[in-house]
Amino acid sequence: MVDYLIVGSGLFGAVFAREMTNNGYKCQVIDKRNHIGGNVFTENVSGINVHKYGAHIFHTNDKEIWDYVNSFVEFNRFTLSPIAYFEGKLYNLPFNMNTFYQMWGVTKPEQAKEIIQSQVINAGIVSPGNLEEQAISMVGTDIYFKLIKGYTEKQWGRDCRDLPTFIIKRLPIRFTFDNNYFNDKYQGIPIGGYTQLIEKLLEGIEVKLSVDFFSDRAFFESSARQVVFSGKLDEFFGYDAGYLEYRSLRFETEELGVQNFQGNAVVNYTEKEIPYTRILEHKHFEFGTQPTTIITREYSQEWNKGNEPYYPINDVKNEKLASLYKERAENLPNVIFGGRLAEYRYYDMHQIVASAKKKAKDELVKFKA
Ligand code: FAD
Ligand code: UDP
């Protein structure tokens, strides 16, 4: 009998397990995959740390969270500045003066603002109600049609007019020549990969891999005082009110006999006709100088029971169903739900760390009371 059976060894499960273990509670972690780390897992191949489930860059404005992760592993000074490829031309991301110069030849912020403003007026958008309107109101029609529409519709498999505005609001827009994809004060990648961070978080904690909670649910529920669940919210309830939708990904990874394939960690392919959304070149996340290189083409696809769920689709229909499950989850006294899948939320890593620490703290307060 343990105090906490933690389902999922991703960042949520690992931080929660660390916090409760530090406070003297016995934790056991299970994961249905054959490795720890969930989607932040990295694997060393030919000396290069491969981000097996897509590019992961840690960024936060919260010094406490930054200090917390840095207390386990050292982070490097990597700054994400992806390049967008559209019809043979390259543009800097996020949308900034470099992009505006490449798009229109403008050299001054006021000129860029004028062009965007006139395109927004021509499009007649007053109060954006969907992703298309939101994007046009932020950067105008030229950038929307070249750098956003194709990429977003590949990524989400839906028309931009059927997608929520918050997805595109994640991207900064700057009228300075600054290609940093994030606005946060702290940013980097664990030196030696994310797996080391998870290993350190889970040090001294029992972990069982290739074990699915649902393979023997009754046993697992009876083996602990409390279950901490970071798997799929709808699966926990046997999908009895219906299936939540997710976007899944397919990764095609290959090692190439060249030293440097694309000169950047991430290149986005924004035209619809190219089937993948982006190409990652993993060595550039850690300024690698290895003689070969490893690249991954990332394809977006609909989730079904046979593949991995990556992105919750937070549209009206799915939000309604998720609320129903969440209400039921809140009424279960012996289960804590947390993480991207169990909360059905588009969380970044720093938010996951904050959320796991908060949930652990709430538990400790509960026991002291
Ligand atoms: P997960 O990592 O999904 O972990 C859940 C774990 O639970 C998995 O290991 C799974 O196998 C296990 N599990 C599920 N069900 C069961 C079961 N029934 N039994 C046993 N085990 C189970 N965030 C950033 O901050 N920066 C980025 O650059 C970034 N890039 C991203 C790129 C991509 C392509 C994706 C998909 C996400 C990205 N994120 C990024 C988000 C980041 O991956 C998440 O915030 C984080 O990994 C969520 O951790 P988690 O523990 O909630 O979930
Ligand atoms: N996006 C885009 N073009 C790009 C990059 C991003 O249109 O070249 C849009 C797309 O809708 C995407 C959203 O911006 O879903 C958020 O991008 P981000 O890079 O944050 O997505 P993630 O890393 O989570 O896949």
Side-chain angles (χ1 to χ4, degrees), residues 48 50-51 54-57 59 77-109 111-116 119 131-132 135-136 138-156 160 167-168 170-183 187 189 249 251-290 292-300:
I48 298 167
V50 176
H51 294 214
H56 277 77
I57 299 91
H59 57 95
R77 56 146 201 88
F78 179 80
T79 303
L80 182 66
S81 37
I83 304 283
Y85 172 102
F86 179 80
E87 292 184 349
K89 287 204 172 121
L90 299 179
Y91 300 87
N92 285 111
L93 293 172
F95 311 119
N96 74 87
M97 279 307 294
N98 289 307
T99 330
F100 307 142
Y101 172 68
Q102 290 147 352
M103 189 67 64
W104 302 308
V106 294
T107 56
K108 294 283 187 294
Q111 298 169 316
K113 282 183 188 168
E114 254 173 51
I115 294 179
I116 292 173
Q119 294 188 357
L131 194 149
E132 174 168 297
I136 293 174
M138 283 158 60
V139 289
T141 39
D142 284 348
I143 292 181
Y144 171 68
F145 284 111
K146 290 185 175 172
L147 304 184
I148 297 177
K149 186 175 161 57
Y151 185 92
T152 300
E153 293 185 352
K154 277 194 289 190
Q155 166 84 353
W156 294 98
C160 284
I167 292 176
I168 198 72
R170 284 165 60 88
L171 298 190
I173 292 160
R174 293 195 196 101
F175 292 89
T176 51
F177 291 89
D178 177 359
N179 297 327
N180 183 352
Y181 202 61
F182 303 113
N183 282 327
Q187 181 176 171
I189 305 236
L249 299 170
F251 300 103
E252 252 177 37
T253 299
E254 57 177 322
E255 183 164 3
L256 304 175
V258 296
Q259 214 257 331
N260 185 4
F261 170 71
Q262 62 183 16
N264 205 36
V266 182
V267 178
N268 290 359
Y269 287 79
T270 61
E271 52 197 90
K272 209 162 184 185
E273 292 65 33
I274 295 178
Y276 40 87
T277 50
R278 44 194 172 192
I279 300 184
L280 318 179
E281 188 170 9
H282 300 270
K283 70 192 314 178
H284 296 310
F285 291 117
E286 296 185 60
F287 319 108
T289 54
Q290 297 83 355
T292 62
T293 196
I294 296 178
I295 64 163
T296 298
R297 288 185 182 81
E298 192 174 309
Y299 298 81
S300 185

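By convention here, the first residue in the shown sequence is residue 1.
- In the displayed structure, F175 atom CZ is contacted under 6.0 Å by more than 12 heavy atoms of other residues, nucleotides or ligands.
- The salt bridge (Lys or Arg N to Asp or Glu O under 4.0 Å) search around E255 returns none, not counting sequence neighbours.
- The two residues I189 and E286 come nearest to each other via the heavy atoms CG2-CG, 4.4 Å.
- A donor-acceptor contact under 3.5 angstrom links the side chains of H284 and N260, judged on distance only.
- With Y181 as the fixed residue, the side chain to side chain contact (heavy atoms under 4.5 Å, CB included) test singles out one of L171, T79, I57: L171.
- Closest approach of F86 to Y91, counting heavy atoms only: CB-CE1, 4.1 Å.
- Residues P94 and N179 come closest through the heavy atom pair CD-O, 3.5 Å.
- Contact between T270 and A84 at its shortest, heavy atoms only, is CG2-CB, 3.9 Å.
- Aromatic ring orientation, Y269 versus Y276: perpendicular (interplanar angle above 60°, classes split at 30° and 60°).
- Under the 3.5 Å distance criterion, with hydrogens and angles disregarded, a donor-acceptor pair is assigned to the side chains of N183 and R174.
- Proximity of a side-chain donor or acceptor of Q119 to a complementary backbone N or O of T141 within less than 3.5 Å is detected.
- Contact record, K108 with Q111: N-OE1, 2.9 Å, taken as the closest heavy-atom pair.
- When only modelled atom types and interatomic distance are considered, N180 and D178 share no side-chain donor-acceptor pair under 3.5 Å.
- H51 approaches H282 most closely through the heavy-atom pair N-ND1, 3.1 Å.
- Rounding to the nearest 0.5 Å gives a distance of 10.5 Å between CG of N92 and CZ of F177.
- Once rounded to the nearest 0.5 Å, the distance linking CZ of F285 with NE2 of H56 reads 10.0 Å.
- Taking CD of E254 as the start and CZ of F261 as the end, the distance is 7.5 Å to the nearest 0.5 Å.
- Between the NZ atom of K283 and the OG1 atom of T289 there is a distance of 7.0 Å, given to the nearest 0.5 Å.
- Atoms OG1 and OH, from T277 and Y151 in turn, are 4.5 Å apart once rounded to the nearest 0.5 Å.
- Taking NZ from K154 and CD1 from I274, the interatomic distance works out to 6.0 Å, rounded to the nearest 0.5 Å.
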